[in-house]
Amino acid sequence: MLGAQKFLNTHESSELKEFSAYFDFIIDTVSAPHDYNLYLALLKTKGVYICVGIPAAPMEINGRSIMGGNKILTASSIGGIQETQDMLDFCAEHNILPETELIDIDYVNEAYQRVLDSDVKYRFVIDMASLNK
């Protein structure tokens with residue numbers, strides 16, 4: 001859970017009821033097809049849903065998912081240069097570091113298969129020194 005105080009498994013319908021209208025905002029980083037309406041139901045009144053994943057197919061959203069509760073749906077593909085610098089400065093000031101799994105270049109195909117198999121806990125980072133092996 002990487003330090004989270006609570007965890008929601010969205011594949012468990014019993015857990016979804018507990019978190020109905022619970023969140024002030026949700027940042028959705030998923031680029032694969034998924035049920036946006038399910039997540040919108042987890043927002044409080046005037047909650048904000050931020051989509052930063054780029055879906056391959058059009059998003060299917062029921063109008064009632066945002067109208068009920070006066071919810072806000074927004075998206076961004078990237079922040080500007082200043083926003084990116086502000087984020088990096090904030091992370092440096094608070095010692096916020098990414099969780100990564102360092103791999104050799106020879107492991108790229110296996111790493112890709114692990115992505116396809118949803119067997120990735122952290123972001124893969126290729127050790128560029130392994131190119132000279």
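Everything quoted here is computed from the prediction, not taken from an experiment. Computed from heavy atoms alone, side chains included, the values below leave out hydrogens, waters and symmetry copies.
Closest approach of Leu40 and Ser65 over heavy atoms only: CD1-CB, 3.7 Å. Shown here for Asn62 and Arg64, the closest heavy-atom pair between the two residues is OD1-N, 2.9 Å. Here the closest heavy-atom approach between residue Gly53 and residue Cys51 is recorded as O-SG, 3.3 Å.
Residue Lys46 holds its NZ atom at 12.5 Å from CG of Asp24, rounded to the nearest 0.5 Å. Between the CZ atom in Phe25 and the CD1 atom in Ile50 there is a gap of 6.5 Å [rounded to 0.5 Å]. Going from atom CD of Glu93 over to atom CG of Asn95 covers 11.0 Å, rounded to the nearest 0.5 Å. Expressed to the nearest 0.5 Å, how far CG of Leu88 lies from CD of Glu83 amounts to 12.0 Å. Atom CG of residue Leu131 and atom CD1 of residue Ile126 lie 7.5 Å apart, to the nearest 0.5 angstrom. The distance from the CD1 atom of Ile61 to the CG atom of Asn37 is 6.5 Å, given to the nearest 0.5 Å.
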Show, in sequence, the C-alpha distance, side-chain angles and deciding distance for Ile26 and Tyr49, and conclude whether the side-chain contact (heavy atoms from CB on, under 4.5 Å) test is met. CA-CA 5 Å; Ile26 295 173; Tyr49 186 91; 4.0 Å; yes
Quick one: do Phe124 and Val115 satisfy side-chain contact (heavy atoms from CB on, under 4.5 Å)? Show the steps, please. CA-CA 9 Å; Phe124 286 120; Val115 169; 3.9 Å; yes
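Contact check for Tyr107 versus Ser130: no side-chain heavy atoms found under the 4.5 Å cut-off. Proximity of Thr10 to Phe19: side-chain heavy atoms (C-beta onward) are nowhere separated by under 4.5 Å.
In the hydrophobic clustering of this structure, Leu38 groups with Phe23; members are Ile, Leu, Val, Met, Phe, Trp, Tyr whose side-chain heavy atoms approach within less than 4.5 Å, directly or through other members. Criterion: ILVMFWY side-chain heavy atoms under 4.5 Å apart, direct or through other members. Under it, Leu8 and Tyr39 are part of a common hydrophobic cluster. At a threshold of 4.5 Å between side-chain heavy atoms, the hydrophobic network of Ile, Leu, Val, Met, Phe, Trp and Tyr places Leu42 and Leu73 in one connected group. Hydrophobic clustering (ILVMFWY, side-chain heavy atoms < 4.5 Å, transitive): Met59 and Leu43 are in one cluster. Residues Ile27 and Ile66 fall into different hydrophobic clusters, defined by Ile, Leu, Val, Met, Phe, Trp and Tyr side chains chained together at heavy-atom separations under 4.5 Å.
Proximity of a side-chain donor or acceptor of Asp104 to a complementary backbone N or O of Asp106 within less than 3.5 Å is not detected. In this structure, the side chain of Glu99 does not engage the main chain of Tyr122 through any donor-acceptor pair within 3.5 Å. Looking at Asp28, its side chain never comes within 3.5 Å of a backbone N or O of Ala75 through a donor-acceptor pair.
Listed by chain and residue number, Arg114 satisfy the salt bridge (Lys or Arg N to Asp or Glu O under 4.0 Å) test with Glu101 (two or more places apart in sequence, or in another chain).
Counting non-hydrogen atoms of other residues, nucleotides and ligands closer than 6.0 Å to NE2 of His11 gives a total of 12 or fewer. For Leu116, the CG atom is densely surrounded, since the number of other residues' heavy atoms within 6.0 Å is greater than 12. The 12-atom threshold is exceeded at CD of Gln113, counting heavy atoms of other residues, nucleotides or ligands nearer than 6.0 Å.
Donor-acceptor pairing under 3.5 Å is recorded for the side chains of Gln82 and Asp86.
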